[in-house]
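What follows is a single structure, written as C-alpha cells, with notes after it.
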Amino acid sequence: MKPELSLYLDAVRFTAALVVFISHFALHRLSGGFLWQLNVYGHQAVAVFFVLSGFVIAYATDTRERDARSYAISRLSRMYSVVLPAVVLTVLLDLIGGHWRPESYATGWGFANDWTAARLFAALSFTNEIWTQHVKLGSNAAYWSMGYEVPYYVIFGLALFAPRRWRAAAVVAVAVAAGPAIMLSMPLWLGGVAAYHFSQRNSLSARTGRWLFFGSAAAWLVYEALAWRYGRPMVEGGVYFRRLEVLQDAIVGPLFIAHLLGFNAAAK
C-alpha cells in the first residue's frame, strides 16, 4: 500500500470516528440538541467504516495473513483487545453513572439496565444483531456495529481459507445464520475489498484519479443538498432490515470507493 494512501486512510478513519462521536453527542438527551444538524452523518460514517474495513482486511490477507491460522489469530486478537475493555468499562461506567444520575439512564431511549449472562454472551460472541436480535450493551449504543463486522470477517475468512469441498456451504451457512439485516450491508464491505484489489492494479492515471477524487466529493455535496431539501432515502423493513439507511448506503458507499480509488491514483 502506498504510504500516502495509508496516511489518508488513517485521516479518514479518525474523521469518521469523530463524526460518529458527534452524531451521538448531538442527541437531545446528551447535549440538548447542540449540533443536531450533524446527527444524520453518523449513519454515513458507518458506511465509510464498512468500506474501510473491507479495504484493510483485503490488504491484510493480501500481504500478511495468508492462511487460516494467522487470519483467525489476527482477527481475534485485534477484536478482543478492544472489545473486552469496552465491555468492562461500559458495565462499570453504567453502574457508576446510573447511581449518580439515574435520570440519564432511562429505558425510554433504549438503555438496557439489566446485565444478564445472555446479554454479555451476545456482546462477546458478536451475535447481538443476528436476524431479529438487537441486544443492547447498556448505554453503549455504538456497539451494534460489532455484530455486523465480525460476521463479515468470518464469511470472508471462510471464502478464502476453508477447504474447497465445503467452502461454499460454510459461507452460505454463516450468511443464513447472520440474517438479512447484516447481509444487506455486506456489499459495502465487499466494495472495500474490491477497491483494494483494484487499487493494486494501478490502472488509473493521475488525471483520472483527480477527477474521481474531486468529482466524488462534488457528487456527495450535490446529494447532501438534495437530501436536506427533499429528505433522505430510507427503507422501512422492520426487524429484518433494521438499517434503514441502506438506500443512502448505496449512494454514499460507491462515492467513497471512487474517492479512495481517485486518491490512490493521484496520491503523489
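Reckoned from all heavy atoms, side chains included, excluding hydrogens, waters and symmetry mates. The structure presented is a predicted model; accordingly, all values stated were derived computationally and were not measured.
- Taking the side chain to side chain contact (heavy atoms under 4.5 Å, CB included) definition, one finds that Ala45 meets it with Ala16, Val19, Val20, sequence neighbours left out.
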With a 3.5 Å cut-off and sequence neighbours excluded, list the donor-acceptor pairs that the side chains of residues 151-164 form with protein atoms.
residue, atom, partner, partner atom, Å
Tyr152, OH, Ile182, O, 2.6
Tyr152, OH, Met186, N, 3.3
Tyr153, OH, Glu149, OE1, 3.3

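- Here the side chains of Trp115 and Asp94 are in contact, with some heavy-atom distance below 4.5 Å.
- Partners of Val82 according to the side chain to side chain contact (heavy atoms under 4.5 Å, CB included) rule, which considers only residues two or more places apart in sequence or in another chain, do not exist here.
- Side-chain contact between Phe55 and Leu5 is present, with heavy atoms from C-beta onward closer than 4.5 Å.
- In this structure Arg69 satisfies the side chain to side chain contact (heavy atoms under 4.5 Å, CB included) test together with Asp67, Ile73, sequence neighbours excluded.
- Residues Thr90 and Asn140 bring a donor and an acceptor atom of their side chains to less than 3.5 Å of each other.
- Cluster membership check: Ile251 does not share its hydrophobic cluster with Leu260, using side-chain heavy-atom separations under 4.5 Å among Ile, Leu, Val, Met, Phe, Trp and Tyr.
- A single hydrophobic cluster is seen to contain both Tyr80 and Val91, as judged by linkage of ILVMFWY side chains at heavy-atom distances under 4.5 Å, directly or through other members.
- In summary, the side chains of Asp62 and Tyr196 do present a donor paired with an acceptor at a separation below 3.5 Å, with no hydrogens or angles considered.
- Inter-residue side-chain proximity for Leu124 and Val83 is flagged as met; some heavy-atom pair is nearer than 4.5 Å.
- No side-chain heavy atom of Val88 sits less than 4.5 Å from a side-chain heavy atom of Leu84.
- Proximity of His197 to Gln200: side-chain heavy atoms (C-beta onward) are nowhere separated by under 4.5 Å.
- The number of heavy atoms from other shown groups lying within 6.0 Å of CZ (Arg78) does not exceed 12.
- The shortest distance between side-chain heavy atoms of Phe256 and Leu188 does not fall below 4.5 Å.
- Relative to the ring axis of Phe214, Arg210 does not place its NZ or CZ within 45° and under 6.0 Å from the centre.
- Within the 4.5 Å cutoff, the side chain of Leu204 has heavy atoms near those of the Phe198 side chain.
- Using the six-membered ring where Trp is involved, Tyr8 and Phe263 have ring planes that are parallel, under 30° apart on the 30 and 60° scheme.
- A distance-only check finds no donor-acceptor pair linking the side chain of Arg13 to the backbone of Phe49 [under 3.5 Å].
- The hydrophobic clustering, which links ILVMFWY residues whose side-chain heavy atoms are closer than 4.5 Å, places Leu18 and Val40 together.
- Residues meeting the side chain to side chain donor-acceptor pair (under 3.5 Å) test with Ser145, sequence neighbours left out: none.
- Looking at residues two or more places apart in sequence or on another chain, you find no side chain to side chain donor-acceptor pair (under 3.5 Å) involving Ser23.
- Val46 places none of its side-chain heavy atoms less than 4.5 Å from the side chain of Tyr41.
- Under the 30°/60° scheme for interplanar angles, the aromatic rings of Phe25 and Phe21 are found to lie parallel.
- Taking a 6.0 Å sphere around CH2 of Trp144, one finds it holds more than 12 heavy atoms contributed by other residues, nucleotides or ligands.
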